[in-house]
Protein chains: 2
Amino acid sequence: MSEITAKITPPQDFDTLRAAILERRGELPKRLTQVAAYALDHPDDIAFGTAASIALSADVQPSTLVRFAQQFGFDGFSGLQLLFRARLRERTSSYEERLRALEQDGAALAESTTIFNGFIAAAHRSIDTIAAAVEPDAFERAVTLLANAETIYLIAKRRSYPISSYMAYAFGKLKVRCQLVGTSAGIDDDLLAMATPSDAAFAISFSPYASESAAQARALAARGIPVVSLTDSAFSPLAECSREWFEVVEADHAGFRSLSASMAFAMALTVSIAEKRRRG
Amino acid sequence: MSEITAKITPPQDFDTLRAAILERRGELPKRLTQVAAYALDHPDDIAFGTAASIALSADVQPSTLVRFAQQFGFDGFSGLQLLFRARLRERTSSYEERLRALEQDGAALAESTTIFNGFIAAAHRSIDTIAAAVEPDAFERAVTLLANAETIYLIAKRRSYPISSYMAYAFGKLKVRCQLVGTSAGIDDDLLAMATPSDAAFAISFSPYASESAAQARALAARGIPVVSLTDSAFSPLAECSREWFEVVEADHAGFRSLSASMAFAMALTVSIAEKRRRG
DNA sequence: CCACAATTGGAATGAACATTCCACATTGAC
DNA sequence: GTCAATGTGGAATGTTCATTCCAATTGTGG
């Protein structure tokens with residue numbers, strides 16, 4: 001009767017696994033060492049490949065990969081691969097570790113604390129996402145477009161209204177003429193009727209889209225007034241009638257989204273426009 | 001005999017595919033449009049998931065995913081999935097490059113890019129700061145206080161108004177009665193005169209403080225109505241008349257502050273209050 | 001040199017998977 | 001209202017895959 005192989009629990013995150021691999025590197029048999037080296041050198045390949053393709057690249061047998069994973073407590077290769085995939089997903093935000101740490105002892109905390117931490121984490125992720133998603137060239141073009149306008153019309157309803165109202169406040173301070181559309185019902189269309197092609201509009205709309213905003217943006221675009229927009233999906237009706245459009249996907253916590261990333265974007269746009277005017 | 005379906009060559013990279021999807025989004029049938037929207041909104045899920053799991057998330061059949069891919073010239077779903085995986089590989093590297101560029105000198109970049117990166121960085125810092133500054137116990141007390149109120153009065157002017165307007169929007173969705181103060185001039189004091197000690201108020205004010213907000217908060221506190229406040233300094237006139245108060249110091253870029261951290265805080269507070277009410 | 005254990009290669013297996021196919025539903029034309 | 005065409009759901013299919021198992025090989029202590 002041989003010894004019982006102790007069923008150790010596998011690492012829960014990539015960094016722990018990485019540490020475990022490094023620690024046991026010396027004591028592993030030849031082929032497993034080979035796998036260890038390959039895994040640490042080509043983590044992306046592990047994440048995407050199949051056992052067969054990885055085995056080929058690492059010059060071992062697929063079964064060796066399974067044995068390797070089992071050495072570290074996983075059921076099989078697939079379990080280990082999950083960590084490599086998670087790493088790739090989360091690489092953009094270094095706050096994931098922290099979030100996980102927060103979630104682990106989440107049971108002991110008050111619910112409000114859990115919600116608070118959730119929104120903090122979501123805000124971080126949102127900002128990382130928008131930082132990666134906004135192309136500098138497109139941003140520069142949008143700034144130029146709006147800086148050249150006589151009056152900037154800010155179109156936003158409902159969930160996006162707070163953003164435009166803050167932009168209106170900041171534009172006021174910066175002495176940039178703008179007109180907030182959507183503030184009091186009724187006069188919006190009259191206001192927009194006064195816009196000319198030497199003006200410009202900035203429209204914001206998130207799903208579920210306010211049809212009014214889309215209609216107003218379309219109407220302006222049809223009259224030759226350039227429209228720049230901020231939205232949360234390429235499918236937004238705003239995207240198709242905009243000269244430039246930006247996508248911001250606010251991470252959500254429990255289905256609710258804050259406007260953290262949108263706010264940062266809005267301020268960057270506002271200040272950039274004012275700065276461009278001041279210089280030019 | 002029907003027409004021969006033209007064997008078009010599939011897109012070779014993600015951006016081309018994305019453009020193709022956007023271009024044809026209008027002419028696609030219902031379920032395929034659904035897939036298109038899901039694919040562009042959740043590209044990471046497409047990259048990692050299996051046809052079955054993705055189909056579940058997107059609320060379609062696996063076969064629909066295959067048909068979708070075939071619409072764009074791929075043999076099947078797997079071919080399309082490869083592009084999503086490639087994107088993920090490249091994105092992480094390009095994001096890292098961007099961070100590196102951000103850390104280096106911004107001289108070569110357009111000014112708007114520098115400003116944008118500045119606000120992104122400021123938003124990150126702000127959120128870190130507020131995460132550390134808010135005490136869980138105080139937050140829980142504030143939530144309890146406001147959850148027990150019949151009507152929540154939201155007091156905010158100028159720079160803090162966008163936050164309260166978003167809270168009002170969210171409270172409306174969550175069926176929590178609230179009253180936004182400061183929306184139209186004149187009637188504010190009449191509104192506040194109706195508040196009773198079974199109500200509560202949430203006041204927001206940043207330097208330079210709107211004296212009106214402080215006066216209103218003081219008046220409410222004097223009449224026994226509990227006030228919770230969010231401000232940017234312990235010396236804020238709001239702090240002294242509040243049962244609970246929180247400090248959020250938004251990091252600034254070139255003297256301008258976004259509201260990223262405040263927004264995250266506001267949403268956490270709003271959702272926590274609604275959740276507490278729902279539970280009992 | 002032998003016995004024994006540890007390690008490895010590779011075929012066998014069964015599960016998971018993408019894909020195909022067909023019946024049914026929906027849409028639009030006449 | 002009827003019919004054709006297109007779109008859709010879900011079961012059937014054949015493939016790919018991870019995993020297991022066992023024989024072969026290598027290493028090791030006596």
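Lettering follows sequence order; numbering is per chain, from 1. Computed from a predicted model, the values in this text were never measured in an experiment.
Contact check, Ser78(A) against dT19(D): a side-chain N or O comes under 4.0 Å of OP1 or OP2. A sub-4.0 Å separation between OP1 or OP2 of dT20(C) and a side-chain N or O of Gln70(B) is present.
Remark: the Glu250(A) side chain and the Ser262(A) side chain contain an N/O donor-acceptor pair separated by less than 3.5 Å. Using modelled atom types and a 3.5 Å distance limit, the side chains of Ser258(A) and Ser260(A) yield a donor-acceptor pair.
To the nearest angstrom, P of dC17(C) lies 21 Å from CG of Asp75(B). Rounded to an integer number of Å, the gap from CG of Leu32(B) to P of dT27(C) is 15 Å. Straight-line distance from the NZ atom of Lys30(B) to the C1' atom of dT8(D): 9 Å, rounded to whole Å. When the C1' atom of dT19(D) is taken as reference, atom CD1 of Ile54(A) falls 14 Å away, rounded to whole Å. With rounding to whole Å, Leu56(B) atom CG is found 12 Å from dG10(D) atom P. At whole-Å resolution of the value, CD in Gln61(A) and P in dA12(C) are 14 Å apart. Atom pair Gln81(A):CD and dA18(D):C1' shows a separation of 10 Å (rounding to whole Å applied). As a whole-Å value, the separation of Arg31(B) CZ from dA25(C) C1' is 12 Å.
Within 3.5 Å, a donor on the side chain of Ser63(B) pairs with an acceptor on the base of dG10(D), or the reverse.
Checked against a 6.0 Å centroid threshold, the rings of Phe202(A) and Tyr153(A) do not count as neighbours.
Residue contacts for Pro62(A): at a heavy-atom cut-off of 4.0 Å it reaches a base atom on one of the strands shown.
Between Arg87(B) and Asp44(B), at least one side-chain N (NZ, or NE/NH1/NH2) sits under 4.0 Å from a carboxylate O, which counts as a salt bridge.
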For residues 59-69 of chain B, please give each side-chain donor-acceptor pair under 3.5 Å, one per line with the distance, not counting sequence neighbours.
unit_1   : atom_1 : unit_2   : atom_2 : d
Thr64(B) : OG1    : Gln61(B) : O      : 3.4

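Here dA18(C) is the nucleotide among dA18(D), dA18(C), dC21(C) with the atom lying nearest to any side-chain atom of Ala51(B). Checked against dA18(C), dT19(C), dC17(D), the side chain of Thr50(B) finds its nearest nucleotide in dA18(C).
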